K.L.:
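The structure is given below, and queries will be raised subsequently.
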Amino acid sequence: MKPNGLRDRQALGEEFTVRTGIKTLTFVVGTGRSGSTALSQVLRLHPDVLSLNELYSCVDSPPALSGQRLTGEEFWRCLREPMAVFDAMVRSGTPLPEFLYSRHPEWRYSADATGIPAISMMALPHLTDDPDALLDSLEPEVRGWPERPAPQQWHALFGALASRIGGREAAVERSGYSLHRVGTLRRLFPEARFVHLHRAGPDCALSMSRHNGYRMISLLRDIVRRCGVESASDITDDHVKQLPEDLAPLLGPKYDPALVLDREMPVPGFGTLWSDLICEGVGHLAEVPAAQRTTLSYERLLTAPRQELARLADFIGVQPFAEWLEEGDEILDGTDRLGSSSRLPERVRTALRESCERGEQALAEAHANA
């Protein structure tokens, strides 16, 4: 007789399949700057995978990430409402390289005039060369859905996308900056599997220090600390008035890009950010049943891509087709990116290693207890 926990997980998986027509749901989570964008590109090539690229980085609406009941109209509003901070980054000349929609001025929406629909910024352009048409086809269907709990609306969306794009065996959502969402995603989708994609701390932190998004994340975390609130959504106009003149503009609709791009931000500070994210994230992952989680190393993914992709395919429940493994091998060819922090000046390298120690220890302990 199967243990109750296993029976419960199987029942949840069967319920997900009934609701979506998709057999498994997996979240690839991590700190970001760990090869996750390339991994999404590889997953997109698998004929049985619905690759959901940065979906929850863009659709960050509290009602949609709760258990509350939403009408189809309300859920559509969550998908459609532009993400203010991302549009501000585009308007200010500091867009992320991961922003797929804003690269194409011929497409319908813009950060300046209309705002870019949240689901269109990175998720839909990853699936199609015509994200506007895909958005248009989804709108009447989603808006017509009945009122039901938000997780069921998400289930319906996954099914609607799979019916248009393909990928009926496995849906895989991958967002770079996502470890902090593990608890929320588990509450929404208790049947889901989790893959923790991780990278050596000093190399990951160095990559963060050179990335617009992580420079902004670091600055926003500083703003939140200065304001004494729990999140940026709690910041009031009174808080903004008390911020230094080099930080307050970052909360507005447009700012001088030099405030992000030219600011001196020591690399060890990003080691502290990496450690914070790892320590928080592995705690959340430890609460996921062992059968529903695994890890994936950036370094192994680059040095042994076929083996690691085959292992990933087995975990998410799809076949590791030879042609797909070959395509993945070509995309993930990047061993020259390994050990990048070793080329830093010794003083900086030492400080960076020290700032990453907490995270490295937490990661090692998590793997030892897996």
Side-chain angles (χ1 to χ4, degrees), residues 19-22 25 27 37 40-41 43-45 47 49-66 70-91 95-148 150-168 170-176 178 181 185 188-189 213 253:
R19 290 189 183 281
T20 66
I22 301 169
L25 172 64
F27 292 101
T37 299
S40 273
Q41 295 169 1
L43 289 167
R44 176 69 184 91
L45 296 174
V49 173
L50 173 65
S51 178
L52 301 167
N53 175 58
E54 300 278 7
L55 179 62
Y56 292 111
S57 289
C58 294
V59 183
D60 199 24
S61 170
L65 299 179
S66 72
L70 298 174
T71 65
E73 187 75 40
E74 290 168 335
F75 184 63
W76 179 251
R77 198 175 305 131
C78 295
L79 301 177
R80 174 67 178 75
E81 185 70 21
M83 192 166 180
V85 66
F86 284 172
D87 276 1
M89 293 180 78
V90 174
R91 284 192 295 268
L96 305 189
E98 293 85 358
F99 289 174
L100 300 178
Y101 194 96
S102 59
R103 299 179 190 174
H104 300 272
E106 72 277 10
W107 287 348
R108 182 187 311 160
Y109 301 99
S110 71
D112 288 317
T114 60
I116 298 172
I119 197 173
S120 295
M121 183 65 87
M122 293 186 271
L124 297 190
H126 175 71
L127 296 173
T128 174
D129 292 332
D130 193 349
D132 291 341
L134 181 53
L135 188 75
D136 289 345
S137 75
L138 288 170
E139 180 173 6
E141 180 177 349
V142 175
R143 293 177 68 179
W145 287 344
E147 180 180 284
R148 53 192 169 189
Q152 293 183 25
Q153 300 289 23
W154 284 113
H155 290 167
L157 178 67
F158 300 154
L161 287 170
S163 69
R164 290 164 170 81
I165 303 299
R168 283 294 189 180
V172 182
E173 197 277 343
R174 192 284 314 168
S175 293
S178 53
R181 293 196 189 94
L185 294 173
L188 289 173
F189 309 106

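Quick caveat, the model's predicted, so the values are computed rather than measured. Position 1 is the first residue of the sequence; numbering continues from there.
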K.L.:
Are any non-hydrogen side-chain atoms of W154 and L79 less than 4.5 angstrom apart?
P.N.:
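The answer is yes; the side chains approach within 4.5 Å.
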K.L.:
Are M121 and V90 close enough that some pair of their side-chain heavy atoms sits under 4.5 Å apart?
P.N.:
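They are in contact (side-chain heavy atoms under 4.5 Å apart), so the answer is yes.
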K.L.:
Just by distance, no angles: are the side chains of R181 and S175 close enough, under 3.5 Å, to form a donor-acceptor pair?
P.N.:
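S175 and R181 do not have a side-chain donor-acceptor pair below 3.5 Å.
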K.L.:
Measure the shortest side-chain to side-chain distance between W76 and L138 over non-hydrogen atoms and say whether it is less than 4.5 angstrom.
P.N.:
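Yes; the side chains approach each other to less than 4.5 Å.
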K.L.:
ring-ring contact (aromatic ring centres under 6.0 Å, His included) with Y109: which residues, sequence neighbours excluded?
P.N.:
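Partners of Y109 under the ring-ring contact (aromatic ring centres under 6.0 Å, His included) test: none.
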K.L.:
Side chains of L25 and T20: does their closest heavy-atom pair fall under 4.5 Å?
P.N.:
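The answer is no; the side chains never approach within 4.5 Å.
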K.L.:
Given side chains that start at C-beta, do those of L134 and L161 come closer than 4.5 Å, heavy atoms only?
P.N.:
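Of all side-chain heavy-atom pairs linking L161 with L134, at least one is under 4.5 Å.
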K.L.:
For the backbone of A160 and the side chain of E141, can you confirm whether one donor and one acceptor N or O come within less than 3.5 Å of each other?
P.N.:
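No; zero donor-acceptor contacts below 3.5 Å.
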K.L.:
Look at the side chain of R44 and the backbone N and O of V49, then say whether any donor-acceptor pair between them is shorter than 3.5 Å.
P.N.:
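No, the answer is negative, given that no donor and acceptor are paired below the 3.5 Å cut-off.
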K.L.:
Between S40 (side chain only) and T37 (backbone N and O only), is there a donor and an acceptor less than 3.5 Å apart?
P.N.:
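No: the side chain of S40 does not pair with the backbone of T37.
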K.L.:
Examine distances only and state if a side-chain atom of R143 and a backbone atom of T71 form a donor-acceptor pair shorter than 3.5 Å.
P.N.:
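Here the side-chain-to-backbone pair does not exist.
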K.L.:
Look at the rings of H155 and F158 and say which category their plane angle falls in: under 30° parallel, 30 to 60° tilted, over 60° perpendicular.
P.N.:
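The rings of H155 and F158 sit tilted, inter-plane angle from 30° to 60°.
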K.L.:
Sequence neighbours left out, what pairs pass side-chain hydrogen bond (donor to acceptor under 3.5 Å, both in side chains) with at least one residue falling in residues 114-134?
P.N.:
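For residues 114-134, and leaving out neighbouring residues, the side-chain hydrogen bond (donor to acceptor under 3.5 Å, both in side chains) pairs sorted by first residue read S51-H126, Y101-D132.
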K.L.:
Mind checking what makes salt bridge (charged side-chain N to carboxylate O under 4.0 Å, His left out) contact with E74, not counting sequence neighbours?
P.N.:
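Residues passing salt bridge (charged side-chain N to carboxylate O under 4.0 Å, His left out) with E74: none at all.
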K.L.:
Taking the side chain as every heavy atom from C-beta outward, state whether F86 and D60 have any pair of such atoms under 4.5 Å apart.
P.N.:
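Side chain of F86 against side chain of D60, heavy atoms only: no contact under 4.5 Å found.
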